[in-house]
Amino acid sequence: MTTTTTPRKTRKTPTAARTAKPARGKAPAPVATGSNAALWARREAAVARGVGSAAPVFAAQADNAELWDVEGKRYIDFAGGIAVLNTGHRHPGVIAAAKAQEDRYTHTSFQVIPYEPYVALAEKLNALAPGDFAKKSLLVTTGAEAVENAIKIARAHTGRPGVIAFNSAYHGRTLLTLGMTGKVTPYKKDVGPFPSDIFRAPFPDARQGVTVEDSLKALEMLFLTDAQPERVAAIILEPVLGEGGYHPVPTEMWQALRAICDKHGILLISDEIQAGFARTGTWFAIEHSGVAPDLITCAKSMAGGYPVAGVIGRAEVMDALAPGGLGGTYGGNPVACAAALAAIEAIESEGLLARSTALGEQMRARFADMGARVAPYRMWDIRGLGAMLAVEFVTDFETATPDAALTKSLIAHALERGLILLACGMHGNAVRIMVPLTASDAIIEEGLAIFEAALAAAIADEHRHAAE
């Protein structure tokens, strides 16, 4: 199938690393020693078992949408560090900004000696966030920390304890965020009990036969049975489920939640940690609905690979706590703030919002075509917003039974061929696409070709095993 894409704008500050990439199959200058197998043995001996790694290969070098392991093998990265690299590995503007900041100072703690990069990033986030009202921001280090603080702020502002989250949600792995996360294995298994006053409603998912009307009726029933609305501080929802399978929230659901929150004095929180910063074709995915939330949590691609996260919200809500009530030693690290400002500038100057939309259209068409040709009646759904896409696999269209085995085989065959993929979904039967938006059309097409070959190999394995 022939597709067209929006041409990528040339970066203003290209580097030799990007203009003269190592040839396919050629090892870059080594930066690590030992084989993948030897490093894996060391990892097993030194790292806690609960820290998982999707691929048994170790990074040595990366550039834009390509990565080389310690043995010199090249990979195309469709995982993006779990949606962290919308601007690609080592974006030259991001790296330059971080290095310049490192030459000035790397840490003072904003709570001791404040600094301009924190203020500048807060100003930028306030300007980008939807909503025609005054905003303020808090900067922290991780996505889970952002969610924890959003709930803390909501409780302080409303004087209420309750929080409503949804099935299949992922909000983090700290204790409070695990209470809101709607998936047991592997996140919540064996680590309860979880905090009280967290309630759960069904996510509107056509795959499960749950409509928006069903979700809203269940929410109203929750108000009658367990969650007195006058005691609920916030309703939190990912605009596109992340670990839950890349299901977008229908616009009518957002609109209904906004009305419910306004009626009962509840704050609406959009968890944009995975969906934000151009992944869906807008700065924040909730913008597709036209609804303005009271609070937004963000992290991941905000800083192009550097650890910083944030909470953006209505000024009067964000000011609910007294000085000292918010913060953290490393929160809003100056190097990460400088990197974030550069990543945001790159998204703006390189037209990555439009690029995301164009990539999404291109990849949807390619996946539909390869599904029909290579895996008839196995590719159940291609869904998402912009370039935040998932491809779901089933055993057959008649029963639509989730096929985690085929998905796992596809990912393994892709890795062998030089493509990094990750699964998602409650049953682990969907592949999510998080390729850097800065990837060239040639790299995108090469990755899609590997995807198709890996899918064909997984189907062939399945047929061979069935015949044995």
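One-based numbering along the sequence shown.
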Hey, is [X] close enough to [Y] for a salt bridge, meaning N to O under 4.0 Å?
X	Y	answer
Arg355	Glu350	no
Glu445	Arg366	yes
Asp197	Arg231	yes
Asp403	Arg378	yes

Spell out, as yes or no, whether a donor-acceptor pair under 3.5 Å connects the side chain of [X] to the backbone of [Y].
X	Y	answer
Ser289	Ile286	yes
Arg200	Gly179	yes
Arg364	Gly384	yes
Ser270	Ile296	no
Arg160	Pro229	yes
Lys300	Ile82	yes
Arg383	Gly245	yes
Arg90	Ala62	yes
His91	Gly93	yes
Glu66	Arg74	no

Does the side chain of [Y] come within less than 4.5 Å of [X]'s, by heavy atoms?
X	Y	value
Pro402	Thr407	no
Val374	Met379	no
Val291	Leu268	yes
Leu216	Ile260	yes
Gln61	His89	no
Leu219	Leu257	yes
Tyr330	Thr142	no
Asn429	Trp380	no

For this session: Would you mind telling me which of Asn149, Thr297, Leu321 makes a side chain to side chain contact (heavy atoms under 4.5 Å, CB included) with Leu138?
Result: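 Result: among Asn149, Thr297, Leu321, Asn149 is the only option passing the side chain to side chain contact (heavy atoms under 4.5 Å, CB included) with Leu138.
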
Taking all non-hydrogen atoms of both residues into account, name the closest pair between [X] and [Y] and its distance.
X	Y	result
Gly276	Asn86	O-ND2, 3.5 Å
Leu139	Cys337	CD1-SG, 3.7 Å
Pro307	Ala336	O-CB, 3.5 Å
Ala233	Thr158	CB-OG1, 3.3 Å
Gly325	Lys152	O-NZ, 2.7 Å
Pro202	Val210	CB-CG1, 4.3 Å

Flag yes if more than 12 heavy atoms outside [X] fall under 6.0 Å of its [atom1] atom; otherwise flag no.
X	atom1	result
Glu44	CD	yes
Leu176	CG	yes
Phe194	CZ	yes
Lys183	NZ	yes
Gln111	CD	yes

For this session: Go through the steps to decide whether Leu326 and Val311 satisfy the test side-chain contact (heavy atoms from CB on, under 4.5 Å), and finish with yes or no.
Result: CA-CA 11 Å; Leu326 297 174; Val311 184; over 6 Å; no

Exercise. Any idea how Phe58 and Trp40 line up, ring-wise: parallel (<30°), tilted (30 to 60°), or perpendicular (>60°)?
Worked result: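 Because their plane-to-plane angle is over 60°, the rings of Phe58 and Trp40 count as perpendicular.
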
Exercise. So Phe203 and Phe166, would you call those rings parallel, tilted or perpendicular, with 30° and 60° as cut-offs?
Worked result: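 Phe203 and Phe166: perpendicular rings.
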
For this session: Give me the one residue out of Arg173, Arg432, Lys188 that meets salt bridge (Lys or Arg N to Asp or Glu O under 4.0 Å) with Glu243.
Result: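 By the salt bridge (Lys or Arg N to Asp or Glu O under 4.0 Å) criterion, Glu243 pairs with just one of Arg173, Arg432, Lys188: Arg432.
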
For this session: Take Leu352 and Phe277 through the side-chain contact (heavy atoms from CB on, under 4.5 Å) test and state the conclusion after the steps.
Result: CA-CA 9 Å; Leu352 296 187; Phe277 296 93; over 6 Å; no

For this session: For the pair Ile347 and Trp283, evaluate side-chain contact (heavy atoms from CB on, under 4.5 Å) and give the outcome as yes or no after the intermediate values.
Result: CA-CA 9 Å; Ile347 292 170; Trp283 286 104; 3.3 Å; yes

As an exercise, state the distance from [atom1] of [X] to [atom2] of [Y], rounded to the nearest 0.5 Å.
X	Y	atom1	atom2	value
Met388	Gln274	CE	CD	4.5 Å
Leu421	Lys408	CG	NZ	15.0 Å
Asp69	Asn36	CG	CG	4.5 Å
Ile76	Ile444	CD1	CD1	8.5 Å
Tyr187	Thr177	OH	OG1	11.5 Å
Glu462	Leu406	CD	CG	5.5 Å

Problem set entry | His288 and Thr280: CA distance, side-chain angles, deciding distance, side-chain hydrogen bond (donor to acceptor under 3.5 Å, both in side chains) verdict | CA-CA 9 Å; His288 290 277; Thr280 70; 3.2 Å; yes

Problem set entry | Counterpart residues, salt bridge (Lys or Arg N to Asp or Glu O under 4.0 Å), relative to Arg258 (two or more places apart) |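 Counting only residues at least two positions away or on another chain, Arg258 forms a salt bridge (Lys or Arg N to Asp or Glu O under 4.0 Å) with Asp262, Asp294.
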
Exercise. Under the side-chain contact (heavy atoms from CB on, under 4.5 Å) criterion, do Val57 and Lys73 qualify, and how do the steps go?
Worked result: CA-CA 9 Å; Val57 298; Lys73 182 175 179 179; over 6 Å; no

Problem set entry | side-chain hydrogen bond (donor to acceptor under 3.5 Å, both in side chains) between Ser301 and Arg279, intermediate numbers included | CA-CA 8 Å; Ser301 277; Arg279 190 75 244 166; 5.7 Å; no

